[in-house]
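This report concerns only the one structure given below.
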Number of protein chains: 2
Amino acid sequence: MSDKRLQLVITAFKLFYSKGVHAVGINEILSESGVAKKTLYHHFSGKEELVSAVLEFRDQRFHNWLKSRLDQATPGPDKVGGLFDALDDWFNDRVDELLPFHGCFFINVSAEFSEPNNLLHQLCCRHKERVAQLIRTQVETLDLEPVEVNAFTNALCLLKEGAVSLAHVQGDRLAAIKAKATALQLLQGNKSVRS
Amino acid sequence: MSDKRLQLVITAFKLFYSKGVHAVGINEILSESGVAKKTLYHHFSGKEELVSAVLEFRDQRFHNWLKSRLDQATPGPDKVGGLFDALDDWFNDRVDELLPFHGCFFINVSAEFSEPNNLLHQLCCRHKERVAQLIRTQVETLDLEPVEVNAFTNALCLLKEGAVSLAHVQGDRLAAIKAKATALQLLQGNKSVRS
DNA sequence: ACAGGAGTAGACCGATCTGTCTACTATGCG
DNA sequence: CGCATAGTAGACAGATCGGTCTACTCCTGT
């Protein structure tokens, strides 16, 4: 990846994430990044392709961050707690590499490009699927019954997305903690059923 | 409320909801609604005030719909099931008055006006609080212990928002059903602890 | 009768948008 | 050397944006 290209993507993400895609013009990205307009259109065919590159950039950054956080947790229920502890750090701006919290970038972009067959919307969908897969692999270390693996993964994804929404729309800085409590309660219930 | 004013609000909502606020211009709303520009600026000081009125409109419509659906359910666990059955109908376009599903309008607007001190963002926040209060009153009919009322209300709100996100971003038409199963499982766990 | 409020149609304004283009520079490679 | 590549600065084009304004019509209440 070219130096200028990366610079554009990073600057564009920062602006898109805090103001929204439609609210940020090409010229603002250019002046903020100090890159010439011709260079932008050399690397990208247009704004949509830039947004697409920004989505891929954030997808990688976020995925890598979450994966490393989950890898740190010891296998077992701590994986579940670790997921929501990570979210808690994110919501409360304790993760520099994710930038100050403004909700989930992919939910935000989906809101602006709402049609399901829109390319950008589909990229957002794929990100969510990748993260869900990451969570699924954690749940699989929990020695639940196969049917419960599916159900509990679904529950964790629901609670995670719910927490993101609460934290962003309502500014509920405790959203991740609440979700954690609920998730652990569910896990407890799952175990007691089995024993 | 004047006839033309209502017409503007309804048309604006339809367009904002399916395309996003920034993506829809004043002129599109005017030509779609067949109202003159001067009339719009007679009723509203500007676009922001129109958006604000649209938010209030949707808040009332949504709140009334959900309340009537919850009132229909028989008191007890059926209230919880009824909540997610209502969401399921919404997600799958079986509720005409809510228009075809494009996620939660308030989450979408929050994404476009991301700063917490933005007026429109705050209106979205208030809507969520109103709905949360509605859910809380249902939970209070469940004869749980006081501490559990809070926790279970939080859990239901998290699952509800999570289901909305899954349904919109990932197009998961079963999101409400999954959330319902999780909620009932939680409720079951709560009861078994108490008995 | 008539004043004023609500409405229409649409020209117009300045700003801003995405995207193109010209002219020029620096660098690295065969 | 010669030439393509990546870059800068910025004028420019055409469209669209939110918002103002003029000129006119219709209706209603005093």
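In what follows, chains are A, B, ... by sequence order, proteins preceding strands, each numbered from 1. These values consider heavy atoms only, across backbone and side chains, with no hydrogens, waters or symmetry-generated copies.
Applying the side-chain hydrogen bond (donor to acceptor under 3.5 Å, both in side chains) test to every pair with at least one member in residues 154-163 of chain B, sequence neighbours left out, gives these pairs: Ser165(A)-Glu161(B), Lys128(B)-Glu161(B). Sorted by first and then second residue, the side-chain hydrogen bond (donor to acceptor under 3.5 Å, both in side chains) pairs involving residues 22-31 of chain B (not counting sequence neighbours) are Lys19(B)-Glu28(B), His22(B)-Glu112(B), Asn27(B)-Lys37(B).
Summarising the geometry, the separation between CD1 on Ile29(B) and P on dG19(D) is reported as 11 Å, rounded to the nearest angstrom. Atom NZ of Lys47(A) and atom P of dC17(C) are 9 Å apart (whole Å). Atom CD of Glu28(A) and atom C1' of dC17(C) are 12 Å apart (whole Å). Atom pair Tyr41(A):OH and dG10(D):P shows a separation of 18 Å (rounding to whole Å applied). One interatomic measurement links the two molecules: CZ of Phe44(A) to P of dA6(D), which rounds to 13 Å at whole-angstrom precision. The distance between atom CG of Leu40(A) and atom P of dG10(D), rounded to the nearest whole Å, is 17 Å. Atom-to-atom, CG of Leu30(A) to C1' of dA11(D) comes out at 15 Å; the value is rounded to the nearest Å. Whole-Å rounding puts the Gln7(A) CD to dA6(D) P distance at 16 Å.
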Atom pairs and distances, donor-acceptor, side-chain atoms in residues 48-57 of chain A, under 3.5 Å, two or more places apart:
unit_1	atom_1	unit_2	atom_2	d
Glu49(A)	OE1	Ser45(A)	OG	2.8
Glu49(A)	OE2	Ser45(A)	N	3.4

Report task. Decide side-chain hydrogen bond (donor to acceptor under 3.5 Å, both in side chains) for Ser114(A) and His102(B); before the verdict, give the C-alpha distance in whole Å, the side-chain angles of both, and the deciding distance to 0.1 Å. Result -> CA-CA 6 Å; Ser114(A) 181; His102(B) 283 278; 3.0 Å; yes

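Shown for residues 16-26 of chain B: residues whose heavy atoms fall under 4.0 angstrom of DNA chain D, namely Val24(B), Gly25(B), Ile26(B).
A donor-acceptor contact under 3.5 Å is formed by the side chain of Lys37(A) with the base of dG19(C).
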Interface polar pairs with nucleotides 5-7 of chain C, N/O, under 3.5 angstrom:
unit_1	atom_1	unit_2	atom_2	d
dA6(C)	OP2	His42(B)	NE2	3.0
dG7(C)	OP1	Ser2(B)	OG	3.1
dG7(C)	OP2	His43(B)	NE2	2.7

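Taking the side-chain contact (heavy atoms from CB on, under 4.5 Å) definition, one finds that Ala73(B) meets it with Asp78(B), Lys79(B), sequence neighbours left out. Under the rule for a side-chain contact (heavy atoms from CB on, under 4.5 Å), the partners of Phe62(B) that lie at least two apart in sequence or sit in another chain are Trp65(B), Leu66(B), Trp90(B), Leu98(B), His127(B), Val131(B). Partners of Lys178(B) by side chain to side chain donor-acceptor pair (under 3.5 Å), not counting sequence neighbours, listed by chain and number: Asp172(B). Evaluation of the side chain to side chain donor-acceptor pair (under 3.5 Å) rule for Lys38(A) yields no partner, not counting sequence neighbours.
For Asn27(A), taking side-chain heavy atoms from C-beta onward, the closest of the listed nucleotides dG18(D), dT20(C), dC17(C) is dC17(C).
When side chains are defined from C-beta on, Phe44(A) counts as touching Val9(A), because their heavy atoms get closer than 4.5 Å.
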